[in-house]
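What follows is a set of notes on a single structure, which appears directly below.
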Amino acid sequence: QVQLVESGGGSVQAGGSLRLACARSGYGSTGSYCMGWFRQAPGKEREGVARIQHDGGRVLYADSVRDRFAITQDNAKTTVYLQMNSLKTEDAGMYYCAARPYPCIGELSPSFFSLWGQGTQVTVST
């Protein structure tokens, strides 16, 4: 069974940076996937942040993070990163890693993803 484990969350001042990581492990984890990052602030719906598929294609960013965040993956394609720069207070929330079988399809919506990590908290202070 494939598992997703996020790491790298923490507290940072506005304008700072964080890099999140999502490690995929377990039986079938070396297969081809579409990987995504989502976030959820208290009282708000979960929203898409970025996604990337196994071959590095179909990269998609939410308008609110484009040009500040970057999604990448390691050479083994089992770890996905989210580099977050110029963080704003509105970027705070629980960040979740998600996966679906290759390829990436549709919009950057949670409904297209079937596997989820437990999340890592990001706090941005003024």
Side-chain angles (χ1 to χ4, degrees):
Q1 184 174 348
V2 177
Q3 293 183 324
L4 304 176
V5 178
E6 303 96 334
S7 61
S11 296
V12 65
Q13 286 192 325
S17 298
L18 282 174
R19 189 174 84 151
L20 306 182
C22 171
R24 195 172 69 239
S25 63
Y27 181 78
S29 62
T30 57
S32 299
Y33 289 89
C34 171
M35 301 296 296
W37 283 100
F38 294 80
R39 66 187 182 190
Q40 189 168 18
K44 294 188 176 181
E45 293 187 352
R46 191 169 297 188
E47 62 174 356
V49 176
R51 74 166 194 210
I52 187 169
Q53 70 182 18
H54 180 80
D55 60 3
R58 298 195 179 181
V59 176
L60 196 61
Y61 293 98
D63 289 343
S64 59
V65 306
R66 190 175 293 115
D67 299 327
R68 297 189 298 121
F69 290 12
I71 186 169
T72 58
Q73 54 191 351
D74 66 349
N75 289 336
K77 310 296 176 64
T78 56
T79 300
V80 176
Y81 303 97
L82 185 69
Q83 178 67 43
M84 306 187 295
N85 299 325
S86 302
L87 281 161
K88 304 176 181 180
T89 55
E90 53 263 44
D91 293 319
M94 186 70 79
Y95 280 69
Y96 297 92
C97 176
R100 61 156 284 116
Y102 175 92
C104 290
I105 62 172
E107 302 173 349
L108 192 55
S109 168
S111 62
F112 289 106
F113 290 79
S114 53
L115 298 172
W116 292 87
Q118 294 300 306
T120 185
Q121 184 70 42
V122 171
T123 303
V124 183
S125 59
T126 56

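Taking the side-chain contact (heavy atoms from CB on, under 4.5 Å) definition, one finds that S109 meets it with S111, F112, sequence neighbours left out. The side-chain contact (heavy atoms from CB on, under 4.5 Å) check on T72 picks up Y81, with sequence neighbours excluded. Scanning for side-chain contact (heavy atoms from CB on, under 4.5 Å) contacts around V59 gives I52, Y61, I71, with sequence neighbours left out. Remark: A23 pairs with T79 by the side-chain contact (heavy atoms from CB on, under 4.5 Å) rule, at least two apart or across chains.
Hydrophobic clustering (ILVMFWY, side-chain heavy atoms < 4.5 Å, transitive): M94 and L20 are in distinct clusters. In terms of hydrophobic clustering, with Ile, Leu, Val, Met, Phe, Trp and Tyr side chains grouped at heavy-atom distances under 4.5 Å, F38 and V80 are assigned to different clusters. If you chain together hydrophobic residues whose side chains sit under 4.5 Å apart, V12 and W37 fall into the same group. Linking ILVMFWY side-chain heavy atoms closer than 4.5 Å, directly or via other members, places V65 and L82 in a single hydrophobic cluster.
Note: Y102 and H54 have perpendicular aromatic rings, judged against thresholds of 30 and 60 degrees for the angle between ring planes.
For the pair T78/Q73, no side-chain contact is recorded, criterion being any heavy-atom separation below 4.5 Å from C-beta on. Residues S17 and Q83 have side chains in contact (heavy-atom distance under 4.5 Å, counting atoms from C-beta outward). Considering only heavy atoms from C-beta on, R39 comes within 4.5 Å of E47 through its side chain. In this structure, the side chains of Y96 and Q40 come closer than 4.5 Å at one or more pairs of heavy atoms.
Under the 3.5 Å distance criterion, the side-chain polar atoms of R24 are matched with a main-chain donor or acceptor of S29. Judged by distance alone, with hydrogens and angles left aside, the side-chain atoms of R68 form a donor-acceptor pair with the main-chain N or O of S86 at under 3.5 Å. In terms of modelled atom types and a separation under 3.5 Å, the side chain of R51 and the main chain of M35 share no donor-acceptor contact.
What you find for G48 and A62 is that their closest heavy atoms are O-CB, 3.3 Å.
Taken from CD in Q53 to SG in C104, the straight-line distance is 4.5 Å, to the nearest 0.5 Å.
Other residues sharing a hydrophobic cluster with V5 under the 4.5 Å side-chain heavy-atom criterion for ILVMFWY residues do not exist; the residue is a singleton.
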Exercise answer: donor-acceptor pairs, residues 113-126 side-chain atoms, under 3.5 Å, sequence neighbours excluded:
residue: W116; atom: NE1; partner: F113; partner atom: O; Å: 3.4
residue: T120; atom: OG1; partner: G9; partner atom: N; Å: 3.1
residue: Q121; atom: NE2; partner: G93; partner atom: O; Å: 3.4

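No salt bridge links D91 with K88; every basic N to acidic carboxylate O contact stays at or beyond 4.0 Å.
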### Message
Between F69 and V49, does the side chain to side chain contact (heavy atoms under 4.5 Å, CB included) criterion hold? Intermediate values first, please.
### Response
CA-CA 9 Å; F69 290 12; V49 176; 3.6 Å; yes

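Environment of CD in Q1: sparse, with no more than 12 heavy atoms of neighbouring residues, nucleotides or ligands closer than 6.0 Å.
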